Every structure is written in C-alpha cells, then in structure tokens.
Amino acid sequence: MAVKGKKGLGRGLGAYFGDEVVEEVTSEQRTGINHLNETNISHETENRISKQDDEEHNELKIRISKIEPGRDQPRKQFEEEQLQQLADSIKKYGVLQPLLVKKTENGYEIIAGERRWRAAKLAGLKEVPVVVKEYSPQQAMEIALIENVQRENLNPIEEAMAYQRLMKEFHLKQEEIAERVSRNRSTITNSMRLLNLTEEVQNMLVEGKITSGHARAILSIENPKLQTELARKIEQEGLSVRETERIAKSQGKEKKERKKKTTDEALELIFKDLEERMGTAVGTRVNISRRDKNKGKIEIEYYSESELERLVELIESIRQ
C-alpha cells in the first residue's frame, strides 16, 4: 500500500488535529516507522514541539492509569517487537507526540495514539502528554481510521471492517469514506470485498499466511469451501499470486461448464417429454430439433401414403 503524501493526509486529519499535529504525523510517515523518527529528533526539536503544543494545543500531562484504549479503535493487533522498539526509544527521548484523547466519566479515552500509549506503559512511564478534545462518536471513529490508514498500521481485514462500520453505523457512502481517508473509491470497494472471504481465509490474511494479492484472486471463487481449500493450498505449496489466479480461473470455468451441462440435460428431458406427448397425440414418431432456446423444427414421420393423408387430415382438423 503506497504511503500517502502530506497533501492527502492533511485533507483527512487537518480538520480534526490542527495543522501542527498533522505536520508531526506527516513527519513520521516519511520515516515509515514511528520509533525511528522519535530516535532521530534532537532534544532542541523536542523542546520546541512541547512548547508549541503547550501554547496552541493545551497539552496536558495525564497519568497513564487514567487513560483507556479507544472503543472505536479499528486496529486490533499490535506487533510486540515494534512496540518494544518504540518503548526503548521512549525511554531515551520520551513521548514526543501527544496522544489525542477525549474526556470520559472515569478519565480519558484515546482517539489517536494507542500505540504510543502502549509503548509508554512498556517503558514504565507514569504519565504521558495528551491533547484533550471533544468529538462525536463518528468523528472519533474517522480520526482513528484516518491515522491508522495513513500510517499503514491496519491489516487489510481491520481496514475493511472499519470502512464497513462507517457505512453501517454512520451511513457514509463509499465516496464519502474515500474523501475522508484520501483514497480512491475503488480502493474502498476492493478493500471491503475482502470481507466476502471465509473467516478462515481472512485469518490467514491477517496472519500473513497469504497476501492481499492471493486474497483478491481467491475472491473470484464464490464457494466458501473452495476458497478455504485454495488458501490452504497456497500456504502449503507456496503458490504465487499468478498461480493462484490461474487455479481460481480454472475453477470458475469448470463451474460454468458444469452449470451449462446441467442446463442442457434439463432441456433434453423437457423436449424429450414434448416429443412423446406429440407422438401420442398424432399416433406416430415426432422429433424436435432445436436451433436455440426460441427456434427449431418439428419432424413428424409417416410410413405410408394413407398415413400421410391421415396426418394431413388431423392437422387440418385443428384449424376448424
């Protein structure tokens, strides 16, 4: 997934965080991994950021024990190794970017920054810097999604489920979601299609046993059992995406051929019955030849001149 630039990020987060916080998030994107950015920022820069936050964002120091994870956090999995790396950086330099939180009855709930909060706990910190703001449930959900998507923190299924939730709970259209997270509408559509995979295949994607490319190829198979079988085959045999696409395509072709064969057999039985009924009615053998589903011809056999005359009289009697 390509990392979006500053322009795309600003469209999503600027209205929520303010330009200065957006600037910090964008800076982290340039490094690709948050803890590397924190390691490379000088103490002079840290002091400048802290002072700027104090003046413009009303930054507070809050005890970690009074902060809880966001209920609208789309991210469910956190890599322990990366958390530990960030924790080591925080031990040296502290938490350089404040968490975005909202006030609750019992304390504070994280809107953005749960990874920093978890790492700070690992580092043994007692309190962390926060910016307190009030947001509606929809705004909180959007901010958490935007931050995670822009930093590529979500696995494909978490991202798809977050989009689905925005659509179901807050009645957003795909075009509106795409605008908020600076994505193309087709990206949102393709992401949500992953939820059509079986649960086992989704878990394999989350666990890295198959890639997103494999998953998209498997989506061309409608049968849940065949989806799972192909996913297992990918893991066991190390199939490439191209090989997976070829297998999925062949399975789809076989399905169409079986359906066509079943349809042809059903039609044969129908026309066989019609031939027998007409043969009984005219008292001789009748054959129906089909050109397509709407056209064909009827052949009525006769074995003598007198039988032909009888058939002609029979047909003429129908007109009377």
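Because the structure is predicted, anything quoted here is derived from the model rather than measured.
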Q: Would you call Lys249-Glu245 a salt bridge at under 4.0 Å N-O?
A: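 Salt bridge: no.
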
Q: Please name the pair of heavy atoms, one in Arg115 and one in Leu83, separated by the smallest distance, quoted to 0.1 Å.
A: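 Result for this residue pair: O-CD2, 3.6 Å.
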
Q: Pick from Val130, Val131, Ile110: which one makes a side chain to side chain contact (heavy atoms under 4.5 Å, CB included) with Leu100?
A: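 Answer after filtering Val130, Val131, Ile110: Val131.
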
Q: Taking the side chain as C-beta and beyond, is there a heavy-atom pair between Ile210 and Thr244 under 4.5 Å?
A: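 A side-chain contact under 4.5 Å is absent here.
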
Q: To the nearest 0.5 Å, how far apart are CD in Gln164 and CG in Leu194?
A: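 The distance works out to 11.5 Å.
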
Q: Report yes or no: do Leu219 and Val206 belong to one cluster of Ile/Leu/Val/Met/Phe/Trp/Tyr joined by side chain heavy-atom distances under 4.5 Å?
A: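 Yes; Val206 is reachable from Leu219 via cluster members.
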
Q: Tell me if the CE atom of Met204 is crowded by more than 12 foreign heavy atoms within 6.0 Å.
A: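 Yes, because the 6.0 Å sphere around CE of Met204 holds more than 12 heavy atoms from other groups.
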
Q: Starting at CG of Asn196, measure out to CD1 of Ile221 and round the result to the nearest 0.5 Å.
A: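 Those atoms lie 13.5 Å apart.
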
Q: Tell me, please, which residues at least two apart from Glu80 pass side-chain hydrogen bond (donor to acceptor under 3.5 Å, both in side chains).
A: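 side-chain hydrogen bond (donor to acceptor under 3.5 Å, both in side chains) list for Glu80, sorted by chain: empty.
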
Q: Which pair of non-hydrogen atoms, one from Thr198 and one from Pro224, has the smallest distance, and what is that distance?
A: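 In this case the closest contact between Thr198 and Pro224 is CG2-O, 3.4 Å.
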
Q: Let me check something: any side-chain donor-acceptor pairs from residues 273-286 under 3.5 Å, sequence neighbours excluded? List them with distances.
A:
from	atom 1	to	atom 2	distance (Å)
Glu275	OE2	Ile288	N	2.8
Thr280	OG1	Glu276	O	2.9
Thr284	OG1	Glu301	O	2.8

Q: Tell me, please, which residues at least two apart from Ser186 pass side-chain hydrogen bond (donor to acceptor under 3.5 Å, both in side chains).
A: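 Ser186 satisfies side-chain hydrogen bond (donor to acceptor under 3.5 Å, both in side chains) with no residue once adjacent residues are dropped.
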
Q: For Val201 versus Thr228, what's the shortest heavy-atom pair and its separation?
A: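 Looking at all heavy atoms of both residues, the shortest contact is CG2-CA, 3.8 Å.
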
Q: Would one find more than 12 heavy atoms of other residues, nucleotides or ligands at under 6.0 Å from atom NZ of Lys233?
A: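 Not more than 12 within 6.0 Å, no.
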
Q: Does one hydrophobic cluster hold both Val132 and Val128, with members joined at side-chain heavy-atom distances below 4.5 Å?
A: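 In one cluster: yes.
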
Q: Which residues pass the side-chain contact (heavy atoms from CB on, under 4.5 Å) test with Gln174, not counting sequence neighbours?
A: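 With neighbours one apart ignored, the set is Met167, Arg185, Ile188, Thr189, Met192.
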
Q: State which residues pass side-chain contact (heavy atoms from CB on, under 4.5 Å) with Gln236; sequence neighbours excluded, sorted by chain then number.
A: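 For Gln236 the side-chain contact (heavy atoms from CB on, under 4.5 Å) partners, ignoring immediate neighbours, are Arg232.
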
Q: Flag the pair Leu308 / Val312 as yes when at least one side-chain heavy-atom distance between them is below 4.5 Å, and no otherwise.
A: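 Counting from C-beta outward, Leu308 and Val312 do come under 4.5 Å.
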
Q: On the six-membered ring of Tyr108, is Lys102 placed so that its NZ or CZ lies under 6.0 angstrom from the centre and within 45° of the ring axis?
A: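 So Lys102 doesn't make the cation-pi contact.
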
Q: Any side-chain heavy-atom pair from Asp88 and Gln84 closer than 4.5 angstrom?
A: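 In contact.
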
Q: With a sphere of 6.0 Å drawn around CD of Glu237, does it hold more than 12 non-hydrogen atoms of other residues, nucleotides or ligands?
A: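 Enclosed.
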
Q: Got Leu230 and Leu226 here, is their nearest side-chain heavy-atom distance under 4.5 Å?
A: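 Of all side-chain heavy-atom pairs linking Leu226 with Leu230, none is under 4.5 Å.
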
Q: I need the minimum non-hydrogen distance between Ala87 and Ala123, along with the two atoms involved.
A: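 That would be O-CB, 3.6 Å.
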
Q: Looking at residues at least two apart in the chain, or sitting in another chain, which of them share a side-chain hydrogen bond (donor to acceptor under 3.5 Å, both in side chains) with Glu243?
A: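 With sequence neighbours excluded, Glu243 shows a side-chain hydrogen bond (donor to acceptor under 3.5 Å, both in side chains) to Ser240, given in chain and number order.
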
Q: With a 6.0 Å cut-off (strictly less than), is the heavy-atom count around CD of Glu199, excluding the residue itself, greater than 12?
A: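 Not more than 12 within 6.0 Å, no.
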
Q: Thinking salt bridges, do Glu207 and Lys209 make one under a 4.0 Å N-O criterion?
A: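 Lys209 and Glu207: salt-bridged.
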
Q: Is the closest side-chain heavy-atom distance between Ile62 and Glu127 below 4.5 Å?
A: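 Answer no - side chains too far apart.
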
Q: Should the heavy atoms of other residues, nucleotides or ligands under 6.0 Å from NZ of Lys91 be counted, would the total exceed 12?
A: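 Counting other residues, nucleotides and ligands, NZ of Lys91 exceeds 12 neighbours.
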
Q: Can you confirm whether Glu142 sits close enough to Leu172 that some side-chain heavy atom of one is under 4.5 Å from a side-chain heavy atom of the other?
A: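 Touching, per the 4.5 Å side-chain cut-off.
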
